[in-house]
Amino acid sequence: MRFAFVLGETFSGIRRNLSMVVSVVLVTFISLTFVGAAGLLQQQINQMKGYWYDRVEVAIFLCTDTSTTTSCASGPVTDSQRQAVQDLLEAPTAAPYVKSFDYESQDQALEIFQEQFKNSAMAGTVTADQLPESFRVALVDPEQYEVVNELFSSMPGVEIVSDQRELLEQIFSLMNMASVIAVSVAVVMLVCAVLLIATTIRLSAFSRRRETGIMRLVGASKTMIQLPFLLEGVIAALAGAVLASVTTWAVAEFFIGDWLTGQYPGTGFIAGGDALVLIPLLLLVAVLLAALSSILTLRRYLKV
């Protein structure tokens, strides 16, 4: 009987302040969607790190006619210098670090360049002699890049030893920055949601001040008086959290898991199953914030 009474009072309050409740639902939905997006982004970063770091290569670029580094002061790489680099790659000294390697000539480098930039005006202006020869080296342990760099960077004919991880780290840094921005926006929106919940509770308490006064006179407990208002805020926030959870799962399942995976089959992406880990967090955040905001508001504006 008491439970039915509390629910009746809760939904009565929701009907009276429907526009405010809808606002709470929408603001909570948007804010928690940003939280979910930040979580998905972090999961994708971790997934890509594990995927790409195992496939990272070190590129040993050889000197060309246009090289300007001091190591190429003697001119383009000679046949003997090129062979010396290959011999070291095959030597027992490099064996603990080098898993495999491939030689890429200037003509091969031009083909790859033209394929990568086929929609750019640069594709027709670059010639093979402008691109360096290179050895593409797969490492046993990508963390051992510095050892390989020390082995080859000082060799005659070598212009530079480049680690793909440097580029990947820049990409991941940008993604991390986007994640931080998403969380920052989410925090601002969550503050707005808390303020809206507090305002909704205040309006609801004001509109039912006569009923609460009667309940006090008949000896109703503090819990019985405050619980409908508390549930009102929690239900509104929980509805927004459910919408945010569904949206987060849908983005992970259909946009990332299906569409992006189809567009870039060579890259590891997260899917809907990974988003399920975030859903309890979104629901918990919504309930805690709504409950805390409601309790603080009730203590101040509904003294019983």
Side-chain angles (χ1 to χ4, degrees), residues 25-59 99-100 112 115-120 136-146 162-193 237-289:
V25 171
L26 292 178
V27 173
T28 306
F29 161 58
I30 294 171
S31 58
L32 290 181
T33 298
F34 275 106
V35 174
L40 291 179
L41 199 52
Q42 279 306 128
Q43 287 183 329
Q44 184 58 49
I45 290 170
N46 294 334
Q47 175 87 355
M48 292 180 71
K49 280 183 177 179
Y51 182 87
W52 285 111
Y53 280 176
D54 290 340
R55 293 162 176 77
V56 72
E57 289 183 341
V58 169
K99 181 190 296 183
S100 62
I112 294 172
E115 176 63 26
Q116 291 178 338
F117 296 92
K118 59 184 177 182
N119 297 321
S120 172
R136 304 287 174 163
V137 183
L139 302 182
V140 175
D141 180 4
E143 299 291 336
Q144 298 294 327
Y145 159 73
E146 290 298 336
S162 175
D163 182 12
Q164 288 180 341
R165 284 207 314 164
E166 295 177 1
L167 176 61
L168 292 175
E169 288 293 348
Q170 293 176 6
I171 295 172
F172 294 146
S173 295
L174 289 175
M175 294 176 72
N176 278 321
M177 187 179 299
S179 181
V180 170
I181 292 172
V183 170
S184 301
V185 173
V187 169
V188 173
M189 296 301 294
L190 283 172
V191 171
C192 294
L238 200 55
V242 169
L243 290 175
S245 300
V246 172
T247 302
T248 300
W249 176 84
V251 169
E253 178 69 17
F254 300 112
F255 177 69
I256 301 177
D258 289 347
W259 188 77
L260 281 181
T261 300
Q263 294 293 315
Y264 305 97
T267 302
F269 288 103
I270 59 174
D274 299 288
L276 296 178
V277 179
L278 298 171
I279 291 177
L281 174 64
L282 299 181
L283 299 176
L284 181 62
V285 168
V287 171
L288 289 178
L289 287 178

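All values below were derived from every heavy atom in this structure, side-chain atoms included, with hydrogens, water molecules and symmetry-related copies excluded. Because the structure is predicted, anything quoted here is derived from the model rather than measured.
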If you look at every heavy atom in [X] and [Y], which pair is closest and at what distance?
| X | Y | answer |
| --- | --- | --- |
| A275 | T248 | CB-O, 4.1 Å |
| S31 | A186 | O-CB, 3.4 Å |
| A59 | R136 | CB-NH1, 3.6 Å |

Distance in Å, [X] [atom1] paired with [Y] [atom2], rounded so as to fall on 0.5 Å steps:
| X | Y | atom1 | atom2 | value |
| --- | --- | --- | --- | --- |
| F255 | T261 | CZ | OG1 | 10.5 Å |
| L260 | Q44 | CG | CD | 8.0 Å |
| S162 | E57 | OG | CD | 11.0 Å |
| D274 | N46 | CG | CG | 10.5 Å |
| L243 | T28 | CG | OG1 | 9.5 Å |
| F34 | I181 | CZ | CD1 | 10.5 Å |

Side chain to side chain contact (heavy atoms under 4.5 Å, CB included) evaluation trace for Q43 with L278: CA-CA 10 Å; Q43 287 183 329; L278 298 171; 4.2 Å; yes
Under 4.5 Å between any side-chain heavy atoms of [X] and [Y], yes or no?
| X | Y | answer |
| --- | --- | --- |
| F29 | T247 | yes |
| I279 | L276 | yes |
| V242 | L282 | no |

Within 6.0 Å of OH in Y145, more than 12 heavy atoms from elsewhere: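 Enclosed.
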Of I45, I270, V35, which meets side chain to side chain contact (heavy atoms under 4.5 Å, CB included) against L40?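 For L40, the side chain to side chain contact (heavy atoms under 4.5 Å, CB included) check succeeds only for I270.
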Please assess N176 against Q42 for the test side chain to side chain contact (heavy atoms under 4.5 Å, CB included), listing each intermediate value before the final yes or no. CA-CA 7 Å; N176 278 321; Q42 279 306 128; 2.9 Å; yes
Could you walk me through whether L238 and V287 pass the side chain to side chain contact (heavy atoms under 4.5 Å, CB included) test, one step at a time? CA-CA 6 Å; L238 200 55; V287 171; 3.6 Å; yes
Does S179 reach the main-chain N or O of G39 with its side chain, forming a donor-acceptor pair under 3.5 Å?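 Looks like no, no N/O pair under 3.5 Å.
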